[in-house]
Amino acid sequence: MRIFSHQDIEPKWQKVWETNKAGQVTEDPALKDQALYYLVMFPYPSGSGLHVGHVESYAAVDILTRFERMRGKNVLMPMGFDSFGLPAENYAIKTGIHPSETTQTAIATFVHQLKTLGISYDWDRVISTSDPEYYKWTQWIFLKFYENDLAYRAKAAVNWCSGCHTVLANEQVVNGACERCGTEVMQKDLEQWFFRITKYAEELLQDLDKLDWPERIKAMQRNWIGKSEGVEVVFKSKEKEFPVFTTRPDTLYGVSYVVLAPEHPLVDILANSDLKEAIATYREAAKLKSELERRELQKDKTGLFIGAYATHPLTGAEIPIWIADYVLTNYGTGAVMGVPAHDSRDYVFAKKYDLPIKQVIVSKEGASSENEAYTEEGTMIDSEEFSGLSSSEALEKISDELEKNGKGKRVINYRVRDWLVSRQRYWGAPIPIIRCEDCGLVPVKEADLPVLLPTDVDFLPTGESPLVNSKTFHDVNCPTCGKTARRESDTMDTFVDSSWYYLRYCDPHNTKALAGADKIDYWCPVDLYVGGAEHAVLHLLYSRFFARALKDLGIVSFDEPFPKLRNQGLILGPDGEKMSKSKGNVVNPNEIISEYGADTLRLYEMFLGPLEDAKPWDTKGLIGVRRFLDKVWTLRDLVSDTPNTESDKAVHKAIVRVTEDLEAMKFNTAISAMMSCVNAVQAAGSISHESYCMLVCLLSPFAPHLAEEIWEVLGNTTSIFKAPWPEANEALLVESTLKLVIQIGGKVRGTIEVPADTEKDEIIKMATEHENVQTHLAGKEIQKVVYVPGRLVSIVVNE
Ligand code: ANZ
Ligand code: ZN
């Protein structure tokens, strides 16, 4: 048996593709209708290089790209690097090697590896977010946002990670801890930069319905945006009015206390002066808790009566005012009406502090709220004229009443907060603002962009931005008044870089704009976006926000950057566990490529199972896939000048299946179809030159190197990727044999397979002569035989 040498074939074709710029695309006006933009989430160029998980999504999108290009589409498939970020900076802190150096090395490794995989990127469009030519435009967008009130600076209680010495966006806090290092996150009052994502909260929510995305991801975004409809009810104390936010105005007659967040500004005004010290102590303690800790239902509730009362808006009753840290400052109005009978947290609080529990809603079964809060709907009691109504009716009527009296208004709250984008770290895009004592915050002039990251800095994080210590960077003259001023020393969250990168690929060398409008219009939005589900909220929500903001600024004309999204599943270790260095179950793609070849690796990863599923690695399967490729290679020995109908039929059937499966992104079943086809050709004993060419075309998106080689061996002089995708011949798709069931007295006694053109009499003869049928006919007399064409032969006997 002749087995091909991937060590020779693969580098040979990679060189050819590189020289011919095989993956390059242009904005050809004649092909505008055929333009597609296929994109994989770009990687962080980590020092450990490409892993098999990268290969999965990159191979999948390369296969689709090559397939569509063969179908005449003009497909843009770029690659780049999300190269700013903490890992390189932390590595620099440890080793003293500058992040730009480690990043450059890592990118070179990635590029080399991607080329050995034979992925057909447009290599002239590579971008990297830490490149000044790129971050110039990140800074430019920042300035546009600032000009248009989409970026602002504000003092706020922010998430502080003492491990990373920086603030974190809410999205980067997972279960109260830093997403990166796991340190419990604290609240700190700091001046920071924010992007006004809340401006688009409703749109970001509504438009999820338009997206062809996995439902799970949409649900996570919906939940993150967290829309909640309610009423701000006004309570009054010492002539000071304050609203509380409630989603349950129907419970208004069950209020037994109100609670202000400890940080609420009214506390100082309303509190009894004897309590000042106790309140200060309580506030200090609250500061040390994370938001999650404060929200946690199970956690013990603490609070303090501040010696003041408020007037109930409908009954006029005097209601005691408390502070408690389970009420958050930055949600709703930072004030809550306590309804222990119908809210679980209030119930726990009331029990602890012996506050009245007043039930105002009962269930049909008359459930009481003695032992726990009754949180369902029901019928109103003890609620003046609203008693007897259903609680849902009362909710509307009480809201109407409050609005009529000016004691409340219907409002909508969103859980999503504005995006905190400033970081006190080094390896990111500097925020292009100058702080002048006289002029305040002054934007850097567009002509002065990019604001370059200085190199004379000490990386060690102190909590203050490392840029503060760079003399070359920090001191600057104010662009407005010329006096000595200082640069903003914070850098931007790296998620800012990745919120618009897909636009830059459209026109990566543009020095006048982030990308030309015509080019953006030619390619965008992205037709297919593939990436890991871990980006469900952060990257995808931020990018959706950016598109809307850029649309309002007239830079793009769409609002959804990624109308179609697919997640690739994790590739697990051979032990079924998530691959990790510590478990020692990491499969290195380099080793697989050198032993079996890149084609085998690509095909194998696609054959493992559906793209979106989690799948364990299996070395046996890898060997099987390599054997399949060997078989395709050896089919050369079967090429014959005389046509073979069986082989032709097998190939044309495969054309239909592979085409349909690729359209549906079912890579694994497409590969199975090719495998059955190759087996059928082997069984048939020969194959025509033309059919073999078609078969190799089907394989080419999956195993591009081997396909090019066979294609050349078959005498073709141009690249297989210039060949059109094969079309199936209908005439060859007709099934050539029939499978017929044989019944005696309605019971199945056997099956026969006959050529499709067999005569009826011949079929009946074969059926009655079938061995098992003969056994069952023994001693019986055939009364009649019915043939249902293409399906069954039914024999009726006399018992
Ligand atoms: C009274 C009430 C009675 C409530 C009842 C619920 C049930 P979502 O759905 O998340 O919007 N709340 C309002 N502001 C708060 C804050 N800053 N910190 C903590 N809790 C706050 O939740 C809205 C409900 O959460 C509001 O409705 C309020 O409690 C509480 F039977 O008001 B409710
Ligand atoms: Zn100035």
Side-chain angles (χ1 to χ4, degrees), residues 156-157 170 187 198 201-202 205 222-235 242-267 286 289-297 299 301-303 310 312-314 319 321-350 355-363 367-369 372-383 386 390-392 394-395 398-399 402 408-417:
N170 285 344
Q187 300 293 301
T198 53
E202 185 63 30
L205 181 70
R222 247 176 231 123
N223 195 32
W224 187 263
I225 296 165
K227 180 176 181 173
S228 129
E229 290 177 53
V231 176
E232 283 182 10
V233 183
V234 177
F235 285 74
F242 63 93
V244 304
F245 173 67
T246 179
T247 46
R248 295 290 307 274
D250 50 325
T251 65
L252 190 53
Y253 289 87
V255 173
S256 54
Y257 62 99
V258 292
V259 200
L260 303 176
E263 305 84 355
H264 197 293
L266 265 190
V267 175
K289 294 190 188 173
S290 66
E291 181 167 329
L292 185 90
E293 216 176 325
R294 287 175 59 162
R295 289 163 82 108
E296 193 77 68
L297 279 177
K299 287 261 166 83
K301 303 269 164 298
T302 62
H312 189 287
L314 295 184
I319 312 278
I321 305 176
W322 288 64
I323 54 172
D325 64 14
Y326 79 89
V327 175
L328 306 173
T329 315
N330 58 0
Y331 186 71
T333 61
V336 165
M337 60 185 215
V339 188
H342 303 291
D343 180 274
S344 309
R345 287 174 305 176
D346 297 347
Y347 180 88
V348 176
F349 192 77
L355 292 156
I357 298 175
K358 191 183 165 210
Q359 185 164 8
V360 292
I361 296 168
V362 287
S363 69
S368 97
S369 53
E372 59 176 343
Y374 175 72
T375 57
E376 309 288 306
E377 293 188 3
T379 306
M380 305 295 297
I381 57 166
D382 291 338
S383 299
F386 305 100
S390 74
S391 56
S392 52
L395 188 146
I398 292 176
S399 305
L402 289 167
K409 62 169 195 286
R410 286 179 167 87
V411 292
I412 293 171
N413 266 320
Y414 299 90
R415 199 172 80 86
V416 62
R417 305 285 92 190

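For ligands, and for the atoms within them, numbers begin at 1 and follow the listed sequence.
Less than 4.0 angstrom separates some heavy atom of V327 from each of these atoms of ligand 1: 16 (C), 17 (N), 18 (N), 19 (C). Every atom of ligand 1 is numbered from 1 in the order shown, and the set under 4.0 Å from a heavy atom of V336 is 12 (N), 13 (C), 14 (N), 15 (C), 16 (C), 20 (N), 21 (C). Every atom of ligand 1 is numbered from 1 in the order shown, and the set under 4.0 Å from a heavy atom of T246 is 1 (C), 2 (C), 4 (C), 26 (C), 27 (O), 32 (O), 33 (B). Numbered from 1 in the order shown, with element, the atoms of ligand 1 that lie under 4.0 Å from a heavy atom of Y326 read 18 (N), 19 (C). Of all atoms in ligand 1, listed by their number and element, those nearer than 4.0 Å to a heavy atom of T251 are 3 (C), 31 (F).
Side chain of R345 to backbone of K301: no donor-acceptor contact under 3.5 angstrom is found. With hydrogens and angles ignored, the 3.5 Å screen pairs a side-chain donor or acceptor of H342 with a backbone N or O of Y374.
The CG atom of L205 sits 6.0 Å away from atom NZ of K227, with the distance rounded to the nearest 0.5 Å.
The side-chain heavy atoms of N413 and Y331, taken from C-beta on, include a pair separated by under 4.5 Å. A heavy-atom distance below 4.5 Å is found between the side chains of N330 and R417. With contacts defined as side-chain heavy-atom distances shorter than 4.5 Å, the pair P313/V234 does not qualify. Using a 4.5 Å heavy-atom cutoff, the side chains of Y326 and D346 are in contact.
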>> Walk me through whether H312 and V255 qualify under side-chain contact (heavy atoms from CB on, under 4.5 Å).
In response: CA-CA 8 Å; H312 189 287; V255 173; 4.3 Å; yes
>> Please determine whether side-chain contact (heavy atoms from CB on, under 4.5 Å) holds for the pair T251 and D343, giving the CA-CA distance in whole Å, both sets of side-chain angles, and the decisive distance to 0.1 Å.
In response: CA-CA 9 Å; T251 65; D343 180 274; over 6 Å; no
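Backbone and side-chain nitrogen or oxygen atoms of D343 are examined, and none is located within less than 3.5 angstrom of a nitrogen or oxygen of ligand 1. An N or O contact shorter than 3.5 Å links Y331 to ligand 1 by distance. Residue L328 places at least one N or O, backbone or side chain, under 3.5 Å from an N or O of ligand 1. At least one N/O-N/O distance between S228 and ligand 1 falls below 3.5 Å.
At a 4.0 Å cut-off, not a single heavy atom of R415 sits close enough to ligand 1 to count as contact. Remark: distances from the non-hydrogen atoms of N413 to ligand 1 are all 4.0 Å or more.
The nearest heavy-atom contact from the protein to atom 28 (C) of ligand 1 is F245 O, 3.6 Å. Atom 27 (O) of ligand 1 has T247 N, 3.1 Å as its closest protein atom, hydrogens excluded (heavy atom only). Nearest protein heavy-atom contact of atom 31 (F) of ligand 1 is H342 O, 2.8 Å. The protein atom (non-hydrogen) at minimum distance from atom 25 (O) of ligand 1 is R345 NH2, 3.6 Å.
The aromatic rings of F242 and F235 lie parallel to each other, their planes meeting at an angle below 30°, with 60° marking the opposite boundary.
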